[in-house]
There are 2 protein chains.
Amino acid sequence: MKIHRLTSPLPEPKPAPPGNDNPCAACNVRVLSLCDALDEQDLPRLAAISSSMTVRPHQILVAEGDNADYLFNITDGTVKLYKLLPDGRQQITGFLFPGDFLGLAAAGRYAYSAEAITKVTFCRFDRRKLDKLLDDFPKLERRLLGIASNELAEAQDQMLLLGRKTAREKLASFLLMMARRSGLPGTPEQPLELPMTRTEIADYLGLTIETVSRVLTQFRKERLLAMPALDRIVLLDRPALERLAGTV
Amino acid sequence: MKIHRLTSPLPEPKPAPPGNDNPCAACNVRVLSLCDALDEQDLPRLAAISSSMTVRPHQILVAEGDNADYLFNITDGTVKLYKLLPDGRQQITGFLFPGDFLGLAAAGRYAYSAEAITKVTFCRFDRRKLDKLLDDFPKLERRLLGIASNELAEAQDQMLLLGRKTAREKLASFLLMMARRSGLPGTPEQPLELPMTRTEIADYLGLTIETVSRVLTQFRKERLLAMPALDRIVLLDRPALERLAGTV
DNA sequence: CGTCGTCGTTGACCTGGATCAAAGGCAGAA
DNA sequence: TTCTGCCTTTGATCCAGGTCAACGACGACG
């Protein structure tokens with residue numbers, strides 16, 4: 001049982017480059033980001049309390065139990081959210097992709113840890129300053145509520161997966177989720193790209209790496225998918241995978 | 001694999017009794033309810049768009065995929081939230097107790113079904129009317145965000161449980177959760193009361209009823225707990241159970 | 001006060017996925 | 001170039017928890 005490696009503390013953020021009123025320009029790629037909850041003319045207010053940063057793989061963005069001082073918008077890369085048991089068993093509760101949001105917390109503390117899987121660029125907001133903005137821009141708060149509701153719905157899907165699906169069903173659901181979230185269709189021209197390792201897939205699905213590997217080779221033998229590379233997947237028979245996943 | 005029984009549609013709500021400005025008086029029992037997010041003088045506005053109702057066991061409050069037209073505050077009884085796979089496998093994603101809230105939804109639709117386990121009394125709000133109130137009372141919206149953040153944290157705990165805990169650890173976590181949520185300490189004088197059946201416990205923990213039953217008898221033989229009745233549990237060795245649960 | 005249906009318990013057995021072990025592939029370091 | 005370390009795959013074996021089956025307790029209902 002591997003305890004996760006420690007990493008260095010977060011580097012101090014660089015100030016947003018001058019002349020760039022919205023360092024979070026990339027946020028607009030997905031519907032869930034904070035930036036597009038505001039009108040164009042109000043964006044500078046948001047930009048003023050945010051700073052853009054880039055970190056390397058394995059960098060920890062937030063640790064379970066930390067004071068929830070910051071909110072994050074991921075603009076590039078992939079992040080994993082996870083919880084640990086005292087003996088090191090790990091459950092990944094979600095992956096974040098560009099445009100996704102991080103930082104909702106109950107009782108002022110993060111309930112999970114977040115670690116960069118790839119090189120990650122994000123936009124960080126000071127929570128206390130944001131709280132003041134919330135008073136001025138109720139739209140922002142409504143957006144946060146929408147984000148939370150979405151995350152809740154995904155969490156419930158994941159509970160169904162973890163509690164009641166078989167290994168094959170879990171993998172099928174995972175691949176379809178990745179296709180949906182990453183925007184890659186999984187055709188031979190645009191295969192799915194998996195930024196995470198088998199260990200991380202296993203920790204997300206409540207399985208072991210061996211089972212993940214075995215099911216993937218099963219799928220390959222059954223012509224449900226092809227793997228031009230370890231981290232590239234072509235969904236050959238999407239309908240069959242969708243049937244397996246059970247409409248989630 | 002049992003497909004869940006159909007139940008009759010919800011009865012039409014009775015109007016709140018005259019002279020009772022706040023039919024949701026019981027809401028104040030827990031910190032998460034809607035009512036106590038408002039000042040005393042604003043409560044009538046909230047009461048005006050709500051109605052109190054009581055339903056029998058097995059009554060369905062909301063069904064997965066329904067238009068999310070209502071929000072609910074549970075004032076008495078126990079409700080289960082669940083999701084189904086096409087073949088009838090069920091995952092219970094949570095239980096609601098008095099003071100708990102129901103109705104957050106993404107994309108205007110409920111992502112889960114909710115069914116009364118016991119006789120249940122609740123207070124129902126019209127979502128569209130509530131949306132108008134939200135503009136006037138930002139406090140309400142902040143409360144909703146707080147509720148959502150809390151639910152999210154609980155969902156993540158549950159993912160850790162479902163994905164990575166053993167049957168014994170799951171049962172220990174469940175019993176401690178029930179003690180915390182119900183406010184019953186689990187002493188011989190005030191034993192834990194379980195309103196749900198073994199099937200429902202199993203569907204919550206991702207187990208079978210047989211395993212739930214076996215682990216409970218194990219615990220009894222190990223003097224970790226006593227069962228003065230099928231649905232009453234005395235936690236004899238809380239520290240041992242907490243160790244098993246893994247500090248959640 | 002039997003009969004029926006539901007719920008919980010227990011035993012016997014089975015199996016999906018975990019565990020243990022070995023080996024190949026690949027990237028970065030020397 | 002070889003070496004070293006990590007990741008992945010594959011095979012052999014094991015076991016926690018599932019499945020199947022029988023039975024007892026209890027409440028509702030005639």
Side-chain angles (χ1 to χ4, degrees), chain A residues 1-5 56-58 80 85 87-91 117-119 161-174 193-221 225-233 244, chain B residues 1-5 56-58 80 85 87-91 117-118 161-172 174 193-221 225-233 244:
Chain A
M1 211 89 52
K2 185 178 103 177
I3 306 288
H4 208 281
R5 83 198 74 185
R56 281 164 306 154
H58 303 298
K80 67 172 175 182
L85 284 171
D87 64 3
R89 277 174 287 173
Q90 177 173 133
Q91 177 66 39
I117 283 182
T118 60
K119 188 177 163 189
L161 177 147
L162 289 170
R164 288 298 178 219
K165 288 187 182 177
T166 65
R168 285 169 62 87
E169 293 167 339
K170 286 178 177 183
L171 258 298
S173 305
F174 169 73
E193 288 174 30
L194 304 182
M196 64 287 286
T197 66
R198 298 289 187 267
T199 302
E200 285 159 340
I201 297 174
D203 283 344
Y204 181 59
L205 300 178
L207 298 171
T208 58
I209 46 171
E210 291 95 332
T211 299
V212 170
S213 184
R214 275 187 255 270
V215 171
L216 285 179
T217 48
Q218 268 182 35
F219 283 178
R220 235 179 317 156
K221 285 179 183 163
L225 55 79
M227 280 180 48
L230 269 186
D231 58 352
R232 273 159 195 273
I233 289 189
L244 256 180
Chain B
M1 210 89 51
K2 186 178 103 178
I3 306 286
H4 208 281
R5 83 198 72 183
R56 280 165 307 154
H58 304 297
K80 66 172 175 181
L85 284 172
D87 65 3
R89 277 173 288 173
Q90 177 173 135
Q91 177 65 40
I117 283 183
T118 60
L161 178 147
L162 289 170
R164 288 297 179 220
K165 287 187 183 177
T166 65
R168 286 169 60 88
E169 292 168 340
K170 287 177 176 182
L171 258 297
F174 170 73
E193 288 174 31
L194 303 182
M196 63 288 286
T197 65
R198 297 288 188 267
T199 303
E200 285 159 340
I201 298 175
D203 283 344
Y204 181 60
L205 299 177
L207 298 171
T208 58
I209 46 171
E210 292 94 333
T211 300
V212 170
S213 185
R214 274 188 255 269
V215 170
L216 285 180
T217 47
Q218 268 181 36
F219 282 178
R220 236 180 315 154
K221 285 181 183 163
L225 54 79
M227 281 180 49
L230 270 185
D231 59 351
R232 274 159 195 272
I233 289 189
L244 254 181

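Computed from a predicted model, the values in this text were never measured in an experiment. In the text below, chain A, chain B and the rest are named by the order of the sequence lines, each starting its count at 1.
- Following rounding to the nearest Å, B:Leu194 (CG) and C:dG8 (P) show an atom-to-atom distance of 10 Å.
- The CE atom of A:Met196 sits 12 Å away from the P atom of D:dT8 (whole-angstrom rounding).
- Rounded to 10 degrees, the angle separating the terminal axes of the helix from C:dC1-D:dG30 to C:dA30-D:dT1 is 30°, with each axis obtained from five end pairs.
- Taking side-chain N and O atoms only, A:Thr217 has a distance below 4.0 Å to OP1 or OP2 of D:dT10.
- One atom, CG of B:Leu230, and another, P of D:dG27, lie 10 Å apart when rounded to the nearest Å.
- Distance A:Arg198 CZ to D:dC7 P: 12 Å, rounded to the nearest Å.
- Side chain of A:Thr211, nearest nucleotide from D:dG18, C:dA18, C:dT9: C:dA18.
- For C:dT19, its base sits under 3.5 Å from the side chain of A:Arg214 at one donor and acceptor pair at least.
- Taking 4.0 angstrom as the limit, B:Thr208 places a side-chain polar atom (N or O) nearer than this to OP1 or OP2 of D:dG18.
- Here the C1' atom of nucleotide D:dA22 and the CD atom of B:Glu210 are 12 Å apart, to the nearest Å.
- Here D:dG11 presents its C1' atom at 14 Å from CD of A:Gln218, a figure rounded to the nearest Å.
- Listed by chain and residue number, B:Arg168 satisfy the side-chain hydrogen bond (donor to acceptor under 3.5 Å, both in side chains) test with B:Gln218 (two or more places apart in sequence, or in another chain).
- By the 4.5 Å heavy-atom criterion applied to side chains, A:Arg232 and A:Met227 are not counted as neighbours.
- Side-chain contact between B:Thr211 and B:Val215 is present, with at least one heavy-atom pair separated by less than 4.5 Å.
- At the heavy-atom level, A:Leu207 lies under 4.0 Å from the strands shown only through sugar-phosphate atoms.
- With sequence neighbours excluded, no residue forms a side-chain hydrogen bond (donor to acceptor under 3.5 Å, both in side chains) with B:Thr217.
- Straight-line distance from the CG atom of B:Leu171 to the C1' atom of D:dA16: 14 Å, rounded to whole Å.
- Separation of atoms CG (A:Leu216) and CG (A:Leu171) is listed at 5.0 Å; rounding is to 0.5 Å.
- The side chain of A:Thr197 has D:dT8 as its nearest neighbour among D:dT8, D:dT19, C:dG17.
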Kindly indicate, with the supporting measurements, whether the criterion side chain to side chain contact (heavy atoms under 4.5 Å, CB included) is fulfilled by B:Met196 and B:Lys80. CA-CA 9 Å; B:Met196 63 288 286; B:Lys80 66 172 175 181; over 6 Å; no
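- Atom CD1 of B:Ile209 and atom P of D:dA21 are 14 Å apart (whole Å).
- Salt bridge annotation for A:Arg164-B:Asp203: present, with a cationic side-chain nitrogen under 4.0 angstrom from a carboxylate oxygen.
- Residue whose closest nucleotide on DNA chain D sits further toward the 5' end, between A:Arg164 and A:Thr199: A:Thr199.
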